[in-house]
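Here the structure comes first, spelled out in structure tokens, and everything after it is commentary.
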2 protein chains.
Amino acid sequence: MSGALAEAPPAAAIDSVETQSCFDVIELLFFAYRDFVSDPDRILTDYGFGRAHHRVLHFVNRQPGLTIAELLDILRITKQSLNRVLKELVEKGFVEQRTGVQDRRQRLLFPTVKGRDLALALSRLQGERIRRAIERCGEDDRQAALRFLFAMIDENDRDHVARLVYGAGQRKGQ
Amino acid sequence: MSGALAEAPPAAAIDSVETQSCFDVIELLFFAYRDFVSDPDRILTDYGFGRAHHRVLHFVNRQPGLTIAELLDILRITKQSLNRVLKELVEKGFVEQRTGVQDRRQRLLFPTVKGRDLALALSRLQGERIRRAIERCGEDDRQAALRFLFAMIDENDRDHVARLVYGAGQRKGQ
DNA sequence: TCCGTTACGTCAGCCTTATTGACATATCTC
DNA sequence: GAGATATGTCAATAAGGCTGACGTAACGGA
């Protein structure tokens, strides 16, 4: 446009106290997540997978018998996006689909042994980073961080996430 | 590929204690980040921007006078990827580039007033979520979460991040 | 002053992950 | 049987990332 490119005054001069005090959370969340998700990348490319495959495999492994609808709700992507990566995971023998028992329209998702092994290898890698972090900051900070992260989730979704994270295990299906 | 699709036994039966105890961090980090980055999306699309633009604008605003090399180190993307979004931010008048004073090879990045306003509007939105979280879990948990998140960052990068997050402000350049 | 290095920009092509919209099929439920 | 639900799929598109190669300008030391 006509580009009146006036320079902005320094941030500290304008920011409200509230905005200023949030930059640390905003930025540390960015950096922690950046490094956290980068760990599994090398292993994943060995299998021809990306981060999307990782996410699907993780939650299928965590909650065997998961339905497509539930997985879509967790990942917040479209079914077309999910279908692409899921199809690859099934074709390569990492995930198995079974027709639901109570509701035969559903496709329940289960990890194969191979899928479990990969999912656990990836979790182990991320777990190493987490354990190193706990060594630095202590178990109390980890517990507090869990409470804080949980409080950062959309209010409508917290019950669902709590069940998934703390109440997960074998579900319905065969 | 001959597909012996044996089902894996339930996770609890195999997981080591160490692996098991990391699932909560892995998953809450995923859900918190998922919701955290989704807040600014609606505003961003109004401007024809995406999350990549947001990240660039945020750090340019936080550290006026940032160089391209420093920004690449923060974002961990290639200069080609950065250049695409940066060019759009400059063309639309949200970021201004100036030739470095001490080193004329460098292009120092500054937010325009327009850029600052947008960056702060986006931070404010994310700050609201953070403040709601603190209301739920308390200031102590926030402080602890910051320590935990910091410890999750690559060791080599912690000093750099600490300077950026806690020691940021106006830098070199006119 | 010359030369190697550094900082940055750019062209070209490609991949992954996501989107929207439309439509098909099987199954459940009333 | 009819409508709603769960899933699969085709097609087109966009965002955001990548590699590789090459060009230019500026720095900095021998």
Side-chain angles (χ1 to χ4, degrees), chain A residues 30 33-34 37-38 40-42 44-58 60 65-92 95-110 172-173, chain B residues 30 33-34 37-38 40-58 60 65-92 95-109 172-173:
Chain A
F30 166 77
Y33 197 80
R34 178 197 70 175
V37 297
S38 75
D41 281 359
R42 187 191 291 186
L44 287 164
T45 54
D46 290 347
Y47 289 86
F49 292 145
R51 289 174 187 174
H53 302 86
H54 182 195
R55 290 193 286 270
V56 170
L57 187 59
H58 175 90
V60 168
L66 204 62
T67 66
I68 301 288
E70 285 168 323
L71 197 43
L72 288 175
D73 189 49
I74 288 169
L75 300 174
R76 298 273 167 86
I77 56 175
T78 59
K79 62 178 173 176
Q80 295 90 326
S81 292
L82 172 57
N83 216 258
R84 182 181 45 80
V85 295
L86 184 55
K87 200 152 59 171
E88 288 169 2
L89 285 167
V90 170
E91 280 166 4
K92 293 188 181 174
V95 169
E96 195 183 358
Q97 288 180 310
R98 295 192 213 151
T99 299
V101 185
Q102 300 128 7
D103 187 336
R104 292 178 46 83
R105 290 173 301 182
Q106 296 182 327
R107 296 297 135 86
L108 309 187
L109 304 172
F110 294 87
K172 57 204 162 192
Chain B
F30 166 77
Y33 197 80
R34 178 198 69 176
V37 297
S38 76
D41 281 359
R42 186 190 293 186
I43 295 180
L44 286 164
T45 55
D46 289 347
Y47 289 86
F49 292 146
R51 290 173 186 175
H53 302 85
H54 181 195
R55 291 193 285 269
V56 170
L57 187 59
H58 176 89
V60 168
L66 203 63
T67 67
I68 301 289
E70 286 168 323
L71 196 43
L72 288 175
D73 190 49
I74 288 169
L75 301 175
R76 297 273 167 86
I77 58 175
T78 60
K79 62 178 173 178
Q80 295 91 326
S81 294
L82 172 58
N83 216 256
R84 182 177 41 77
V85 296
L86 184 55
K87 200 151 59 171
E88 288 170 3
L89 285 166
V90 170
E91 281 167 2
K92 293 187 182 175
V95 170
E96 194 183 358
Q97 288 180 311
R98 295 192 212 151
T99 299
V101 185
Q102 299 126 7
D103 187 337
R104 291 177 48 81
R105 290 173 301 180
Q106 296 181 328
R107 297 298 138 84
L108 309 187
L109 304 172
K172 57 203 161 192

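To find a chain, count down the sequence lines: A is the first, B the second, and so on, and within it residues start at 1.
In this structure, A:I68 atom CD1 and D:dT5 atom P are separated by 18 Å, rounded to whole Å. Atom-to-atom, CD of A:Q97 to P of D:dA6 comes out at 16 Å; the value is rounded to the nearest Å. Distance, B:L71 CG to D:dG17 C1': 15 Å, rounded to whole Å. Rounding to whole angstrom units, NZ of residue B:K87 and C1' of D:dA15 are separated by 16 Å. Nucleotide D:dT9 holds its C1' atom 13 Å from the CD atom of A:E91, rounded to whole Å. Atom pair B:D41:CG and D:dA14:C1' shows a separation of 14 Å (rounding to whole Å applied). Whole-Å rounding puts the B:L44 CG to D:dA14 C1' distance at 15 Å. In this structure, the CD atom of B:E88 is 8 Å from the P atom of D:dA15, given to the nearest Å.
In this view, B:R34 and A:D157 satisfy the side-chain hydrogen bond (donor to acceptor under 3.5 Å, both in side chains) rule, not counting sequence neighbours. Looking at residues two or more places apart in sequence or on another chain, you find a salt bridge (Lys or Arg N to Asp or Glu O under 4.0 Å) between B:R105 and B:D103. A:Y33 is linked by a ring-ring contact (aromatic ring centres under 6.0 Å, His included) to B:Y33, counting only residues two or more places apart in sequence or in another chain. Among residues two or more places apart in sequence or in another chain, the ring-ring contact (aromatic ring centres under 6.0 Å, His included) test is passed with B:F49 by B:H53, B:F94. Under the salt bridge (Lys or Arg N to Asp or Glu O under 4.0 Å) criterion, A:D41 pairs with A:R51, not counting sequence neighbours.
The minimum heavy-atom distance between A:K92 and A:G48, with the atom names listed, is NZ-O, 3.9 Å.
For the pair B:T67 (side chain) and B:E70 (backbone), a donor-acceptor distance under 3.5 Å is present.
Each of A:L66, A:V90, A:T99 was checked for a side chain to side chain contact (heavy atoms under 4.5 Å, CB included) with A:R107, and the lone residue meeting it is A:T99.
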Table of protein N/O atoms under 3.5 Å from nucleotides 24-30 of chain D N/O atoms:
unit_1 : atom_1 : unit_2 : atom_2 : d
D:dC27 : OP1    : B:R104 : N      : 3.0

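Near DNA chain D, meaning a heavy atom under 4.0 Å away, the residues from residues 77-86 of chain A are A:K79, A:Q80, A:N83.
Here chain A contacts DNA chain C (any atom closer than 4.0 Å to a heavy atom, that is under 4.0 Å), and the contacts span C:dT17 to C:dC28 from 5' to 3'.
Counting only heavy atoms from C-beta outward, the side chains of B:Q97 and B:L109 approach each other to under 4.5 Å.
Because its NZ or CZ atom is not both nearer than 6.0 Å to the ring centre of A:F30 and within 45° of the ring axis, B:R55 does not count as a cation-pi partner of that residue.
Both A:G100 and A:R55 lie near DNA chain C, and the one whose nearest nucleotide falls closer to the 5' end is A:R55.
With the end axes of the helix from C:dT1-D:dA30 to C:dC30-D:dG1 each set by five pairs, the angle from one to the other reads 30° at 10° resolution.
When the shell of 6.0 Å around CZ of B:R76 is examined, it contains more than 12 heavy atoms from other residues, nucleotides or ligands.
Atom-to-atom distance recorded for A:Y47:OH and A:L89:CG is 12.0 Å, nearest 0.5 angstrom.
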Under 3.5 Å, side-chain donor or acceptor atoms of residues 77-86 of chain A against the rest of the protein: list the pairs with distances, not counting sequence neighbours.
unit_1 : atom_1 : unit_2 : atom_2 : d
A:T78  : OG1    : A:S81  : N      : 3.4
A:T78  : OG1    : A:S81  : OG     : 3.2

